[in-house]
Amino acid sequence: MVAVNYVGEELWSYFNAPWEKRVDLAWQLMEIAEQLTNNDFEFALYLLDVSFDNFAVGPRDGKVIIVDAENVLVADKRLIRQNKPENWDVWYESKFDDCDKEACLSFSKEILCARVTVDHNYYAVCQNLLSRHATWRGTSGGLLHDPPAEIAKEGRLEALLDECANPKKRYGRFQAAKELREYLAQLSNNVR
């Protein structure tokens, strides 16, 4: 027998929700990525399996919840600073993985556990959930597919998502993730 707790609908069920709702969910996902990466506890929690069915949305409060955290790597940043492994203070950029399957991520557990500044969670959320590279159950385009015409015409959202998923500049994902969080917050405030 297995006991489970219903916490809400899978994120997948919001794939075609109204734009305003999807923007709010995307902002929450980027905030989760930030909190898991940088927090007061000095422990980074890296999500190794990021897909639409590993998140749910609370039915009452609309909050995104991680529902499957069996593939999480915990890195103690204090210990990394103390032990100073090779290149411990060099920022680590995850490599974009353009595969034909759903929810692909490339990562090195050894490197994630040996660096203080890592962009893995931003990469995972952008590539597998938000950007045009995200594919799930035969659909593509990510949670932020088909933005309103004025947002699409402006091009900023697409540029930030592309840089976050597959950066063209060195350390570009770090900056793109920060700007994307701010932009999504701004869009969320504009639509409420």
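Computed from a predicted structure; not experimentally measured.
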Worksheet item: Sub-3.5 Å donor-acceptor pair from the side chain of Asn87 to the main-chain atoms of Val90, do we have one?
Response: no
Practice prompt. Answer with yes or no whether the hydrophobic clustering places Leu129 together with Phe15; edges join I, L, V, M, F, W, Y residues whose side-chain heavy atoms lie under 4.5 Å apart.
Written response: yes
Worksheet item: What is the distance from atom CH2 of Trp27 to atom CG of Leu187, rounded to the nearest 0.5 Å?
Response: 12.5 Å
Worksheet item: Under 6.0 Å between ring centres, would you say that holds for Tyr92 and His120?
Response: no
Item to complete: Decide side-chain contact (heavy atoms from CB on, under 4.5 Å) for Tyr183 and Leu161; before the verdict, give the C-alpha distance in whole Å, the side-chain angles of both, and the deciding distance to 0.1 Å.
Response: CA-CA 11 Å; Tyr183 186 60; Leu161 287 170; over 6 Å; no
Discussion item. Nearest 0.5 Å, please: how far is OG in Ser94 from CG in Leu105?
Written reply: 8.0 Å
Discussion item. Could you go through Leu47 and Asn71, starting from their C-alpha distance and side-chain angles, then the distance that decides it, and tell me whether this counts as side-chain contact (heavy atoms from CB on, under 4.5 Å)?
Written reply: CA-CA 6 Å; Leu47 302 172; Asn71 293 303; over 6 Å; no
Worksheet item: Roughly how far, to the nearest 0.5 Å, is the SG atom of Cys113 from the NZ atom of Lys109?
Response: 9.0 Å
Item to complete: Spell out, yes or no, whether Val57 and Val67 are grouped together once hydrophobic residues are joined by side-chain heavy atoms under 4.5 Å, including indirect joins.
Response: no
Practice prompt. Determine, using the 4.5 Å side-chain heavy-atom cutoff (strictly less than), whether Ile65 and Leu130 are members of one ILVMFWY cluster.
Written response: no
Worksheet item: Is Val116 reachable from Tyr171 through a run of hydrophobic residues whose side-chain heavy atoms are each under 4.5 Å from the next?
Response: no
Practice prompt. Give a yes or no answer on whether the side chain of Asp24 reaches the backbone of Ala26 with a donor-acceptor pair at less than 3.5 Å.
Written response: no
Discussion item. Could you tell me if the side chain of His145 sits less than 4.5 Å from the side chain of Thr139, heavy atoms only?
Written reply: no
Worksheet item: For Tyr122 and Glu34, what are the C-alpha separation, side-chain angles and deciding distance, and is it a side chain to side chain donor-acceptor pair (under 3.5 Å)?
Response: CA-CA 7 Å; Tyr122 313 125; Glu34 175 65 21; 2.5 Å; yes
Response to the item:
d(Asp119 CG, Cys164 SG) to nearest 0.5 Å is 8.0 Å
Item to complete: Please lay out, stage by stage, how Lys168 and Asn166 fare under the test side-chain contact (heavy atoms from CB on, under 4.5 Å).
Response: CA-CA 7 Å; Lys168 304 295 181 257; Asn166 186 11; 3.3 Å; yes
Item to complete: Kindly give the heavy-atom pair with the smallest separation between Tyr123 and Lys95, and that separation in Å.
Response: OH-O, 3.1 Å
Worksheet item: What about Leu112 and Val50, same hydrophobic cluster or not, with Ile/Leu/Val/Met/Phe/Trp/Tyr joined at side-chain heavy-atom distances under 4.5 Å?
Response: yes
Fill in: Rounded distance (nearest 0.5 Å) linking atom OG1 of Thr117 with atom CH2 of Trp88
8.5 Å
Worksheet item: Looking at Ala17 and Arg22, what are the two nearest heavy atoms and their distance?
Response: O-NE, 2.8 Å
Worksheet item: Where do Ala56 and Gly8 come nearest, in terms of heavy atoms and distance?
Response: CB-O, 3.8 Å
Fill in: Heavy-atom side-chain contact between Leu157 and Leu180 under 4.5 Å
yes
Worksheet item: So, does Asn83 use its side chain to make a donor-acceptor pair with the main chain of Pro85 at under 3.5 Å?
Response: no
Worksheet item: Are the side chain of Glu182 and the backbone of Ala177 linked by a donor-acceptor contact shorter than 3.5 Å?
Response: no
Discussion item. I want to check something: taking the side chain as every heavy atom from C-beta on, are Met30 and Val125 in contact at a cut-off of under 4.5 Å?
Written reply: yes
Worksheet item: Is Asp162 salt-bridged to Arg132, going by a charged N under 4.0 Å from an acidic O?
Response: yes
Worksheet entry | Beyond-backbone contact of Phe52 with Leu143, side-chain heavy atoms, under 4.5 angstrom | yes
Practice prompt. Using atom types as modelled and distance alone, determine if a side-chain donor or acceptor of Ser13 lies under 3.5 Å from a backbone N or O of Glu9.
Written response: no
Fill in: Heavy-atom closest pair, residues Phe96 and Gln127
CD1-OE1, 3.1 Å
Item to complete: For side-chain contact (heavy atoms from CB on, under 4.5 Å), just list the numbers for Arg137 and Trp12, CA-CA rounded to whole Å, side-chain angles, deciding distance to a tenth of an Å, and then say yes or no.
Response: CA-CA 9 Å; Arg137 297 183 182 169; Trp12 164 248; 3.2 Å; yes
Worksheet entry | Over 12 non-hydrogen atoms of neighbours within 6.0 angstrom of CZ in Arg170 | no
Worksheet item: Glu93 and Lys169: which non-hydrogen atoms are nearest, and at how many Å?
Response: OE2-O, 3.9 Å
Worksheet item: For the side chain to side chain contact (heavy atoms under 4.5 Å, CB included) test, which of Leu184, Leu144, Val64 pairs with Leu25?
Response: Val64
Worksheet item: Looking at side-chain heavy atoms only, is the closest gap between Phe107 and Leu73 below 4.5 Å?
Response: no
Discussion item. If I take atom CG from residue Asn121 and atom OH from residue Tyr46, how far apart are they, to the nearest 0.5 angstrom?
Written reply: 7.0 Å
Practice prompt. Take atom NZ of Lys21 as the centre, draw a 6.0 Å sphere, and report whether it contains more than 12 heavy atoms from other residues, nucleotides or ligands.
Written response: yes
Item to complete: Run the ring-centre check on Phe174 versus Trp91 and record whether the distance is less than 6.0 Å.
Response: yes
Item to complete: Report the residue from Glu179, Lys178, Arg173 that forms a side chain to side chain donor-acceptor pair (under 3.5 Å) with Gln175.
Response: Glu179
Item to complete: Would you check if Val72 and Leu48 make a side-chain contact, meaning some heavy-atom pair closer than 4.5 Å?
Response: no
Worksheet entry | Non-hydrogen side-chain atoms of Leu36 and Ile66 separated by less than 4.5 Å | yes
Worksheet item: Under a 4.5 Å cut-off applied to non-hydrogen side-chain atoms, are Asn38 and Lys77 in contact?
Response: yes
